[in-house]
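Note sheet for the following structure.
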Amino acid sequence: MAFLRILCLLVISNIHHVKVVTGKLGVTAVKDYHTAEFGIDYIGCRDWTNPKGMDCNPYQGDTNCDTELPMLCIRVDHSPRPPYIIYGNGAAMPAANYYGWSGGHVSTTLPVKAARFRNRAEANRFCAEALGQEWEVAGIWGAQPHWIPGMNGTKYAGTEWTANKDKLLGGGWSFYTYGNVRNDTRFWIQGPLDQSSTCWEQ
């Protein structure tokens, strides 16, 4: 009995050294490739240039929130879409849905544990403190990015994109954006607002 009491005291006295792991998973994205002609990155759920690349999970999350990864941040300045080409026939949605335009620029922060953020406002503040005002955490569903049915190449690019902003639809899974971020890691992003796949509260 004396031994058990001593053991319990040792456990209690050292409990503050135990690392707390949330176990919660958050969604991530990755840079697929860069198109130098337009100075744009293609960012999405999976790096299709890597046969062993992992898919993201926008429904339950794919990476432990205690993992240190850069945050993908965006500054939306409503830049018109450059005339990039869209290939393929799409899947559940037309191809343009998966090649939407962010309307801005992306950058990344130093690696950080997403579990430290209690809500989206704190994640946005982290981006702004690292990169400047108007920067916020990026997402690839819903409000960003956007696409217009029939867009491809010069169709709905430049001034024609701006003139038809009333036709914009919310895209998902991947998008084009100005920037040239690192391609050696995945990034923390904002998940779909109707799912629980983001490390922080919406």
Side-chain angles (χ1 to χ4, degrees), residues 27-46 48 55-59 71-108 119-128 131-181 187-198 200-202:
V27 65
T28 61
V30 68
K31 174 179 175 176
D32 202 339
Y33 56 84
H34 179 76
T35 302
E37 180 182 4
F38 303 121
I40 57 177
D41 281 348
Y42 185 60
I43 294 174
C45 186
R46 178 173 181 173
W48 292 100
D55 287 318
C56 73
N57 187 329
Y59 307 108
M71 183 89 78
L72 183 68
C73 305
I74 187 167
R75 180 171 59 84
V76 177
D77 56 13
H78 306 290
S79 299
R81 187 183 77 85
Y84 56 80
I85 301 296
I86 296 173
Y87 298 96
N89 298 315
M93 295 289 289
N97 174 81
Y98 308 101
Y99 292 88
W101 175 242
S102 75
H105 299 70
V106 293
S107 187
T108 59
N119 50 53
R120 187 176 183 178
E122 289 189 357
N124 286 340
R125 190 178 306 118
F126 180 73
C127 284
L131 300 167
Q133 293 183 350
E134 300 183 357
W135 286 87
E136 61 183 0
V137 59
I140 53 177
W141 293 273
Q144 43 177 283
H146 290 101
W147 62 286
I148 298 176
M151 76 178 199
N152 202 345
T154 57
K155 181 63 176 178
Y156 293 124
T159 56
E160 189 177 1
W161 172 269
T162 304
N164 288 277
K165 60 182 180 181
D166 59 317
K167 298 179 180 179
L168 297 179
L169 300 175
W173 299 99
S174 51
F175 66 97
Y176 276 110
T177 180
Y178 282 121
N180 190 7
V181 298
F187 317 113
W188 291 120
I189 60 169
Q190 171 67 45
L193 298 180
D194 60 348
Q195 302 295 328
S196 59
S197 58
T198 306
W200 48 84
E201 295 295 326
Q202 307 292 10

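Heavy atoms only: backbone and side chains are in, while hydrogens, waters and symmetry mates are out. Quick caveat: nothing in here was measured; it's all calculated off a predicted structure.
- Listed here is the closest heavy atom pair of Gly158 and Pro80: O-CB, 3.3 Å.
- At distances below 3.5 Å, at least one donor-acceptor pair connects side-chain atoms of Arg81 with backbone N or O atoms of Gly153.
- The main-chain N or O of Gly191 is found under 3.5 Å from a side-chain atom of Thr198 such that the two form a donor-acceptor pair.
- Open room surrounds CG on Asn89; 12 or fewer heavy atoms of other groups in view lie less than 6.0 Å from it.
- Within a 6.0 Å radius of CD in Glu201, other residues, nucleotides and ligands contribute 12 heavy atoms or fewer.
- Counting all heavy atoms, side chain and backbone alike, His146 lies closest to Trp161 at O-CH2, 3.6 Å.
- Evaluation of the side chain to side chain donor-acceptor pair (under 3.5 Å) rule for Tyr42 yields Ser174 as partners, not counting sequence neighbours.
- Once rounded to the nearest 0.5 Å, the distance linking SG of Cys56 with CZ of Phe187 reads 13.0 Å.
- Remark: Arg125 engages no residue in a salt bridge (Lys or Arg N to Asp or Glu O under 4.0 Å) (not counting sequence neighbours).
- Under the 4.5 Å side-chain criterion, counting only non-hydrogen atoms from C-beta, Ile43 is in contact with Thr177.
- The two atoms that bring Val181 and Lys31 nearest to each other are O-NZ, 2.8 Å, heavy atoms only.
- For Ser102 (side chain) and Gly104 (main-chain N/O), a donor-acceptor pair under 3.5 Å exists by modelled atom type.
- Of the options Tyr84, Tyr98, Trp101, a ring-ring contact (aromatic ring centres under 6.0 Å, His included) to Tyr176 is made by Tyr84 and by none of the others.
- A donor-acceptor pair is defined here as one N or O able to donate and one able to accept, closer than 3.5 Å; such a pair exists between the side chain of Asn152 and the backbone of Ile86.
- Two residues are said to be in side-chain contact when any heavy atoms from C-beta on lie closer than 4.5 Å; Lys167 and Tyr156 meet this criterion.
- Taking the side chain as every heavy atom from C-beta outward, Trp200 and Glu122 never approach each other to under 4.5 Å.
- Gln195 has its side chain out of reach of Trp141: every pair of non-hydrogen atoms, C-beta onward, lies at least 4.5 Å apart.
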